[in-house]
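Down below is the structure, laid out as structure tokens.
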Amino acid sequence: MSTVAVFGSSGQTGRRVVDHLAREGHDVLAVSRRAAVGSSPQVRTAAADLTRASVSQLREILDGVEAVVFAAAGDPIRVDRDGALRVIEAAEQAGVTRFVLITGMGVGRTRPAEYYGGFWDTYFGAKEASEHALRASRLSWTILQPGELLNDTGRGRVELALTGSLPIGAVTRDDLAAVAAAVVNRADSAGHGWEVVGGNQGVGCAIDAAVLR
């Protein structure tokens, strides 16, 4: 199994991604602002403040890593945009082959009226900038755009579709993490960007269906 670096590993979604990857047998590098003790023997940790870490510092952290899952979130400009852009550049320099980026449902599509203006324009603009940078990179990428993130227990049932294809919805962090961990190993998911909401298909079947669309 490959070594996968998870940025935002101490966050509510990121730590679930770490757990899913470790259960699937991956060696995981859990990257967060402050290094902590790994949750299992397969998990080691590294510290990186994405508001400050340079490309060269991130490049060093990613030495020997095959894949990245970017699940970090925070300040829209300093983390969601600039932090993501530096991680993407560092990943290219480090020879990373796979990159899974988690953004948000609302990027590149019409949003409800209450999600325009002020903070929301900044937020979605930052997420969109990170998507554009990843698409333009040499990395084998997959972009996941989840709906509202819920802390309920996951059902293992989701729906994936092209941007703008689904009504604005919600998905549990558990189920989003399961999708993110699954696509790391799916070469056929490369070059795809999908909205993710709760649905009626198992994760693998939902990915199969989305790849064929």
Side-chain angles (χ1 to χ4, degrees), residues 5-18 30-34 48-55 58 68-91 99-137 139 141-152 154 158-181 183 191-199 210:
V6 179
F7 285 84
S9 63
S10 63
Q12 294 187 76
T13 300
R15 61 182 172 81
R16 289 171 167 87
V17 175
V18 169
V31 187
S32 59
R33 183 174 296 182
R34 296 178 183 85
D49 182 345
L50 291 179
T51 68
R52 300 182 179 185
S54 67
V55 171
L58 294 167
V68 166
V69 177
F70 191 91
D75 183 291
I77 299 301
R78 299 171 69 198
V79 174
D80 299 22
R81 187 190 70 186
D82 295 348
L85 267 55
R86 287 194 292 271
V87 172
I88 291 166
E89 184 177 350
F99 199 111
V100 178
L101 175 66
I102 298 174
T103 60
M105 195 175 192
V107 177
R109 63 167 291 163
T110 300
R111 309 189 297 271
E114 61 268 28
Y115 291 104
Y116 282 95
F119 168 81
W120 292 113
D121 287 348
T122 301
Y123 174 82
F124 285 111
K127 298 288 192 183
E128 187 168 10
S130 70
E131 289 193 9
H132 284 323
L134 184 57
R135 292 174 190 273
S137 74
L139 297 161
W141 55 265
T142 303
I143 295 169
L144 302 177
Q145 300 173 320
E148 179 188 358
L149 296 173
L150 306 176
N151 290 325
D152 301 344
V158 296
E159 183 173 1
L160 277 62
L162 296 175
T163 299
S165 301
L166 296 171
I168 297 291
V171 63
T172 67
R173 295 180 189 274
D174 283 342
D175 289 338
L176 172 61
V179 173
V183 298
H192 290 278
W194 295 308
E195 296 179 330
V196 186
V197 296

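Given the structure is predicted, the values throughout are model-derived calculations rather than measurements.
To the nearest 0.5 Å, the span separating CG on L176 from CG on L150 amounts to 10.5 Å. F70 contributes atom CZ, which lies 7.5 Å from atom CD1 of I88 (distance to the nearest 0.5 angstrom). To the nearest 0.5 Å, atom CG of residue D121 and atom CZ of residue F119 are 10.5 Å apart.
Exactly one of R109, K127, E131 qualifies for a side-chain hydrogen bond (donor to acceptor under 3.5 Å, both in side chains) with Q145. That residue is E131.
Contact check for V158 versus V197: no side-chain heavy atoms found under the 4.5 Å cut-off. Contact annotation: the side chain of M105 never approaches that of V196 to less than 4.5 Å [non-hydrogen atoms, C-beta and beyond]. Within the 4.5 Å cutoff, side-chain heavy atoms of N151 are placed close to those of Q12. Looking at heavy atoms from C-beta onward, F99 lies in side-chain contact with V87 at the 4.5 angstrom threshold. Side-chain contact between F7 and L58: present, with at least one pair of heavy atoms (C-beta onward) separated by less than 4.5 Å. The shortest distance between side-chain heavy atoms of V107 and T163 does not fall below 4.5 Å.
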Side chain to side chain contact (heavy atoms under 4.5 Å, CB included) assessment of V183 paired with W194: CA-CA 11 Å; V183 298; W194 295 308; 4.2 Å; yes
Criterion side chain to side chain contact (heavy atoms under 4.5 Å, CB included) on T103 and L144, from CA distance to verdict: CA-CA 6 Å; T103 60; L144 302 177; over 6 Å; no
V68/V100 under side chain to side chain contact (heavy atoms under 4.5 Å, CB included): CA gap, chis, key distance, verdict: CA-CA 6 Å; V68 166; V100 178; over 6 Å; no
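The backbone N or O of G74 lies less than 3.5 Å from a partner atom in the side chain of D80, making a donor-acceptor pair. Not a single donor-acceptor pair under 3.5 Å links the side chain of D82 to the backbone N or O of R78. In terms of modelled atom types and a separation under 3.5 Å, the side chain of R173 and the main chain of R16 share no donor-acceptor contact. For the pair S9 (side chain) and V31 (backbone), a donor-acceptor distance under 3.5 Å is present. Side chain of R81 to backbone of S130: no donor-acceptor contact under 3.5 angstrom is found. No donor-acceptor distance shorter than 3.5 angstrom exists from the side chain of E195 to the backbone of L160, with no hydrogens or angles considered.
Taking the six-membered ring where the residue is Trp, W120 and Y123 present perpendicular rings, their angle passing 60° and hence far from 30°. Aromatic ring orientation, Y115 versus F124: perpendicular (interplanar angle above 60°, classes split at 30° and 60°).
The shortest heavy-atom contact between A129 and L85 is O-CD1, 4.0 Å. Here the closest non-hydrogen pair linking G14 and V6 is O-CG1, 3.9 Å. Across V171 and P146, no two heavy atoms sit closer than the pair CG1-CB, 3.8 Å.
More than 12 heavy atoms of other residues, nucleotides or ligands lie within 6.0 Å of CZ in R135, so this atom counts as buried by the packing criterion. Within 6.0 Å of CZ on R15 lie more than 12 heavy atoms contributed by other residues, nucleotides or ligands.
No donor-acceptor contact under 3.5 angstrom links the side chains of D174 and T172, judged on distance only.
Taking the ring-ring contact (aromatic ring centres under 6.0 Å, His included) definition, one finds that Y116 meets it with nothing, sequence neighbours left out.
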